[in-house]
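Below is one structure, written out as structure tokens, with a few remarks after it.
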Amino acid sequence: MSFEFLVDYYPMLLKGTGVTIALALITVFFGTLIGILVSLTKFNAKGMLGKVLSKLADAYVAFFRGTPLMIQLFILWFGVPQLLHTRYPSFGWISAEFLVGAIALAINSGAYVSEIFRAGIQAVDKGQFEAGRSLGLSEKQTLKHVILPQAVKNILPALGNEFVVIIKESAIVSVIGLRDLMYNSDMIQAATFNAFGVYVVAAVIYFILTASCSKLLSVLEGRLHQDA
């Protein structure tokens, strides 16, 4: 085992790490947004339209939690362009591979985040909702100002775990050619024939990213509990 390859190839690892971080941040943002919208849709299932949207939300969650992420990625990367007879565009530094990878990860993560938020909302005592209503707040105001702040504190550990999972699962986008940390590690391994050394370094980098994310979320969780 040798790590001499780092002298020549560390720029590739740094560049791949940057792509992985950017992909994870975008996925976390849009995945959380999707999850919140889906959970609120299921929470406010009133009227015919509300019930229809709630059923669609249930189907979305069931499908994306019940099928492999790689299949979802392949459907987006290979299936959709074939179906629509088109190709994915690139936007400056955002390549088609990055775009599809971010969409696939965000949609998949949104299904899990929606269930995390739903569980967090349901964990808040029903008396809190009644208290908000008795103070003259509307249903939406009560949800926004009373229920959601408490729900966020309840779900932060589970949400933090989902963020860590996203960083690790982002490695799967290398199969469609996105030059992330995993893809560049494969390229270095193919050039140096040093599989053990290269993948150990990649594993350490992924560990540093996930451990840093976990630490930041632990600090945030502690501050939220102090403010409670």
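Just so it is clear, the values below take in all heavy atoms, side chains as well, and ignore hydrogens, waters and symmetry mates. Source: prediction; values computed, not measured.
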* Asked: I26 and L105: side-chain contact (heavy atoms from CB on, under 4.5 Å), yes or no, with the steps?
  -> CA-CA 9 Å; I26 291 175; L105 287 169; over 6 Å; no
* To do: Determine, stepwise, if the pair F163 / T32 fulfils side-chain contact (heavy atoms from CB on, under 4.5 Å).
  => CA-CA 10 Å; F163 293 167; T32 301; 3.8 Å; yes
* Given side-chain contact (heavy atoms from CB on, under 4.5 Å), test V19 with N184 step by step and report yes or no. => CA-CA 10 Å; V19 173; N184 282 1; over 6 Å; no
* Asked: Given E169 and N108, is the side-chain contact (heavy atoms from CB on, under 4.5 Å) satisfied, shown in steps?
  -> CA-CA 11 Å; E169 288 193 342; N108 179 271; 4.1 Å; yes
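Linking ILVMFWY residues whenever their side-chain heavy atoms come closer than 4.5 Å, directly or via other members, leaves F207 and M182 in distinct clusters. Cluster annotation: F3 is not connected to V7 through the hydrophobic network of ILVMFWY side chains, with a link wherever side-chain heavy atoms come within less than 4.5 Å. Hydrophobic clustering, with ILVMFWY side chains joined whenever heavy atoms are under 4.5 angstrom apart, keeps Y183 apart from V175. V100 and V173 fall within a single hydrophobic cluster, where Ile, Leu, Val, Met, Phe, Trp and Tyr side chains are chained together by heavy-atom contacts under 4.5 Å. Follow the hydrophobic side-chain contacts under 4.5 Å out from V204 and you never reach L14; the two are in separate clusters.
For the pair K168 and Y206, the minimum side-chain heavy-atom distance is 4.5 Å or more. The side-chain heavy atoms of L209 and T17, taken from C-beta on, include a pair separated by under 4.5 Å. Side-chain contact between E4 and Y9 is absent, with no heavy-atom pair separated by less than 4.5 Å. For the pair F5/L13, a side-chain contact is recorded, criterion being any heavy-atom separation below 4.5 Å from C-beta on. In this structure the side chain of L40 reaches within 4.5 angstrom of the side chain of I121, judged on heavy atoms. In this structure, the side chains of V28 and S109 stay at 4.5 Å or more apart for every pair of heavy atoms. Side-chain atoms of I176 and L73, non-hydrogen and from C-beta on, do get closer than 4.5 Å to each other. Within the 4.5 Å cutoff, the side chain of S170 has no heavy atoms near those of the T27 side chain.
Here the CZ-CD1 distance, from F193 to I188, works out to 14.0 Å after rounding to the nearest 0.5 Å. For the atom pair N161 CG and I155 CD1, the distance stands at 12.5 Å (nearest 0.5 Å). One distance of note links CG of D180 with CD1 of I21; it measures 11.5 Å at 0.5 Å rounding. Going from atom CD of E162 over to atom CD of E115 covers 11.5 Å, rounded to the nearest 0.5 Å. Rounding to the nearest 0.5 Å places CD1 of I107 at 5.5 Å from CG of L76. Within the model, atoms CD1 of I36 and CD1 of I116 stand 11.0 Å from one another, a figure rounded to the nearest 0.5 Å.
Under a 3.5 Å cut-off, the side chain of Q72 and the backbone N or O of T67 do form a donor-acceptor pair. For T20 (side chain) and L181 (main-chain N/O), a donor-acceptor pair under 3.5 Å exists by modelled atom type.
More than 12 heavy-atom neighbours from other residues, nucleotides or ligands sit within 6.0 angstrom of CZ on F78. Residue-environment remark: CZ (F30) stays at or below the threshold of 12 foreign heavy atoms within 6.0 Å.
Ring pair F64/Y60 is tilted by interplanar angle, where 30° to 60° counts as tilted. Ring geometry for Y88 versus W77: interplanar angle under 30°, hence parallel rather than tilted (30 to 60°).
Of all the heavy atoms in A24 and I167, the pair that sits closest is CB-CG1, 4.0 Å.
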